[in-house]
Number of protein chains: 2
Amino acid sequence: MSTVTPEPTPGGLRPLNPDEEAVARCLNRMIYALPRAIDADMVREQGLPLVEYLALMNLSEAPGRQLRMNELATACEMSLSGMSRVVQKLERQGFIQRVRCEEDARGWNALLTDAGLARLRQAWPAHLAAVRRHFFDHLVGLDMKKLAAAMQQIAT
Amino acid sequence: MSTVTPEPTPGGLRPLNPDEEAVARCLNRMIYALPRAIDADMVREQGLPLVEYLALMNLSEAPGRQLRMNELATACEMSLSGMSRVVQKLERQGFIQRVRCEEDARGWNALLTDAGLARLRQAWPAHLAAVRRHFFDHLVGLDMKKLAAAMQQIAT
DNA sequence: CATCCTTGCTTGACGAAGCAACTATACGGG
DNA sequence: CCCGTATAGTTGCTTCGTCAAGCAAGGATG
């Protein structure tokens, strides 16, 4: 942006200071590189894409091991239609079962099967390793408490 | 992951401590939400997808405002084929011109046109605002220098 | 209880991005 | 100088994810 920065800042937008600037540059790269790297590791080592892993994970933590499609989609940061397709795929593999929602017959619950839980347990170390390798291992010297607070905000 | 964590940790993999755990949870969400949010803002406010913005930005910083396809793809964290199509699109809009590489006739340089530079200048406040809104505004209390160092590592 | 609107989810169509196959050029060894 | 191999980029095909339309069920209003 150096060829652009000299422009007068429009709209009263405070420009980034040098440190923020450096962070922003990395952010641009990280935004694309990180999800791909973690997903690629999961696929290579476990044949389980990251979205599918996250779906299983979220279900495993839900009461009764089940969630409405809606909630699952939100938890996985996905559109409802996208999640619908992911669940179809996981159902075909036997990791999820779809059951009608009792309180509202329009709704469906995605229910984690025993096979799905087993799959999650099998895949979990690979995910942990990938997240360590691509993320935590580089965070030396950072205050984890503050970082956790900041990231909680970002993810909202 | 609470239903899974009690499992014995395989492969001598150190589990995450509670703070790391919290960070990891947010990371999972952030990985998907952040790029989509920033891209959506750019498209809404400027009609310019984030990848295209980054392509223009990287070119603007390159010597002679040009880069080999290869280098541009790497800079944007994209595959060569993907970048090929992005450049085609930007060329059709007149923001980029493709010129044969002088040292190597197999190669092509993507050259940022004056129109492209103008487009970049027009779009960058939106990008800055989006990055602020979705990222920096939540980073209160974090050491930017340390964060920059950490993120530089991650992006490698 | 008939009608109308809303809501939850699925499906069709489409765009974006990757891989693999292809084309064109470069370069090294006979 | 010619051939085989390596490299730069593009294109065909597939996959994935979104939006918009459709369908089925709930809920309100007369």
Side-chain angles (χ1 to χ4, degrees), chain A residues 28-29 31-44 47-55 59 66-93 96-111, chain B residues 28-29 31-44 47-55 59 66-93 96-111:
Chain A
N28 284 332
R29 302 193 50 202
I31 261 179
Y32 288 110
L34 196 54
R36 282 173 201 169
I38 296 177
D39 181 72
D41 280 11
M42 292 291 293
V43 170
R44 183 165 37 74
L48 187 72
L50 181 55
V51 262
E52 297 180 21
Y53 174 82
L54 291 177
L59 288 176
Q66 50 188 310
L67 284 174
R68 293 284 287 265
M69 292 299 295
N70 226 331
E71 304 169 315
L72 185 55
T74 305
C76 295
E77 294 291 343
M78 248 203 149
S79 70
L80 186 55
S81 59
M83 186 47 73
S84 180
R85 294 191 157 103
V86 169
V87 166
Q88 278 169 30
K89 188 173 166 196
L90 288 169
E91 190 178 27
R92 261 180 266 127
Q93 299 176 273
I96 281 181
Q97 205 177 335
R98 282 170 22 177
V99 296
R100 273 217 109 95
C101 179
E102 290 174 5
E103 312 90 64
D104 184 343
R106 289 170 302 181
W108 290 87
N109 282 3
L111 169 69
Chain B
N28 285 332
R29 301 194 51 202
I31 260 179
Y32 288 110
L34 196 54
R36 284 173 199 170
I38 296 177
D39 181 70
D41 281 10
M42 292 292 291
V43 169
R44 182 166 37 75
L48 187 71
L50 180 55
V51 263
E52 297 179 21
Y53 174 83
L54 291 177
L59 287 177
Q66 51 188 308
L67 284 175
R68 293 286 288 266
M69 293 299 296
N70 225 330
E71 303 170 314
L72 185 56
T74 306
C76 296
E77 294 291 343
M78 249 202 148
S79 70
L80 186 55
S81 61
M83 186 47 72
S84 180
R85 292 186 163 109
V86 169
V87 166
Q88 279 168 30
K89 189 174 165 195
L90 289 169
E91 191 178 26
R92 259 179 268 128
Q93 298 176 274
I96 280 181
Q97 206 178 335
R98 282 171 20 176
V99 296
R100 274 216 109 95
C101 180
E102 290 174 4
E103 312 89 65
D104 184 343
R106 290 169 302 181
W108 290 86
N109 282 2
L111 169 70

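In what follows, chains carry the letters A, B, and so on, assigned in the order in which the sequence lines appear, proteins first and then strands, with residues in each chain numbered from 1.
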### Query
Got a sec, which residues hit salt bridge (charged side-chain N to carboxylate O under 4.0 Å, His left out) with A/R92, two or more places apart in sequence or on another chain?
none
### Message
Between A/R44 and A/D41, does any side-chain N to carboxylate O distance fall below 4.0 Å?
### Response
yes
### Query
For the pair made of CZ in B/R100 and P in C/dA26, what is the distance, rounded to whole Å?
8 Å
### Query
Please give, in whole Å, the distance from C/dG18 P to A/D39 CG?
12 Å
Check nucleotides 9-18 of chain D for protein N or O atoms closer than 3.5 Å to its own N or O atoms and list the pairs.
from, atom 1, to, atom 2, distance (Å)
D/dG9, OP1, B/R68, NE, 2.9
D/dG9, OP1, B/M69, N, 3.4
D/dG9, OP1, B/W108, N, 3.3
D/dG9, OP1, B/W108, O, 3.2
D/dG9, OP2, B/N70, N, 3.1
D/dT10, OP1, B/R98, NH1, 2.8
D/dT10, OP1, B/R98, NH2, 2.8
D/dT10, OP2, B/S84, OG, 2.8
D/dT10, O5', B/S84, OG, 3.4
D/dT11, OP2, B/Q88, NE2, 3.1
D/dG12, N7, B/R85, NH2, 3.0
D/dG12, O6, B/R85, NH1, 3.1
D/dG12, O6, B/R85, NH2, 3.2
D/dT18, OP1, B/R36, NH1, 3.1
D/dT18, OP2, A/S79, N, 3.3
D/dT18, OP2, A/S79, OG, 2.5
D/dT18, O4, A/R85, NH1, 2.6

### Rounded interatomic separation in angstrom, taking CD1 from A/I96 and P from C/dC9
13 Å
### Query
Once you round it to whole Å, what is the distance between C1' of C/dA17 and CD1 of A/I31?
17 Å
### Whole angstrom value for the distance that separates P of C/dA16 from CG of B/L90
12 Å
### Task
Please step through side chain to side chain contact (heavy atoms under 4.5 Å, CB included) for the pair B/Y32 and A/L54, ending with a clear verdict.
CA-CA 11 Å; B/Y32 288 110; A/L54 291 177; 3.7 Å; yes
### Message
Using the rule given for side chain to side chain contact (heavy atoms under 4.5 Å, CB included), can you reason through A/D39 versus A/R36, listing the C-alpha separation, both sets of side-chain angles and the distance that settles it, and then say yes or no?
### Response
CA-CA 5 Å; A/D39 181 72; A/R36 282 173 201 169; 5.8 Å; no
### Query
Just by modelled atom types, is the A/V99 backbone N or O under 3.5 Å from a matching donor or acceptor in the A/N109 side chain?
no
#### Entry: Test log, rule side chain to side chain contact (heavy atoms under 4.5 Å, CB included), inputs A/D104 and A/R68
CA-CA 10 Å; A/D104 184 343; A/R68 293 284 287 265; 4.1 Å; yes
